[in-house]
Amino acid sequence: MSAPVHTRPHPATRMGADSRLPWWALALPTLAFAALLVLILNPSDAQAATGDPLITHLFERLQQLISR
């Protein structure tokens, strides 16, 4: 005959898991989505950058290093 096995329940099931989100967990993604939507809907306010940006030079240099 085997001895009975006693296991402790997981703390989340014993106390109940808190499934509520903080207010900013919904507000920040909503705000970011709205800002991007405004930028997409009104492209006339966007201005082209003058000259070659630094990031372009960086990518060109990386491409040169990889192609060796």
Side-chain angles (χ1 to χ4, degrees):
M1 187 183 274
S2 61
V5 178
H6 296 288
T7 59
R8 288 188 277 168
H10 193 268
T13 58
R14 186 175 48 205
M15 291 187 225
D18 188 18
S19 61
R20 295 183 311 179
L21 291 173
W23 65 269
W24 50 264
L26 184 62
L28 290 180
T30 304
L31 182 64
F33 177 77
L36 290 173
L37 188 62
V38 167
L39 289 174
I40 290 172
L41 291 178
N42 198 2
S44 63
D45 291 339
Q47 298 177 3
T50 57
D52 289 333
L54 180 64
I55 193 74
T56 304
H57 291 295
L58 178 65
F59 282 133
E60 288 174 357
R61 183 68 178 151
L62 284 171
Q63 185 180 14
Q64 290 172 358
L65 290 172
I66 292 171
S67 65
R68 287 186 182 180

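All values below come from the heavy atoms of this structure, side chains included, with hydrogens, waters and symmetry mates left out. Throughout, numbering of the chain's residues begins at 1 and tracks the sequence.
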TODO: Taking atom CD of Gln63 as the centre, report whether more than 12 heavy atoms of other residues, nucleotides or ligands fall under 6.0 Å from it.
DONE: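 Atom CD in Gln63 is not packed in, count stays at 12 or less.
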
Open item on the list: Taking side-chain contact (heavy atoms from CB on, under 4.5 Å) as the definition, give me every residue that meets it alongside Leu21, ordered by chain and number, with sequence neighbours left out.
Closed with: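 Listed in chain order: Ala25.
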
- [ ] Linking directly or through intermediates, with side-chain heavy atoms under 4.5 Å: list the remaining ILVMFWY members grouped with Trp23, chain and number order.
- [x]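 Reading the cluster by chain and number, Trp23 sits alongside Trp24, Leu28.
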
Task: Under 4.5 Å side-chain linkage, directly or through intermediates, the cluster mates of Leu26 - done: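 Listed partners: none, Leu26 stands alone.
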
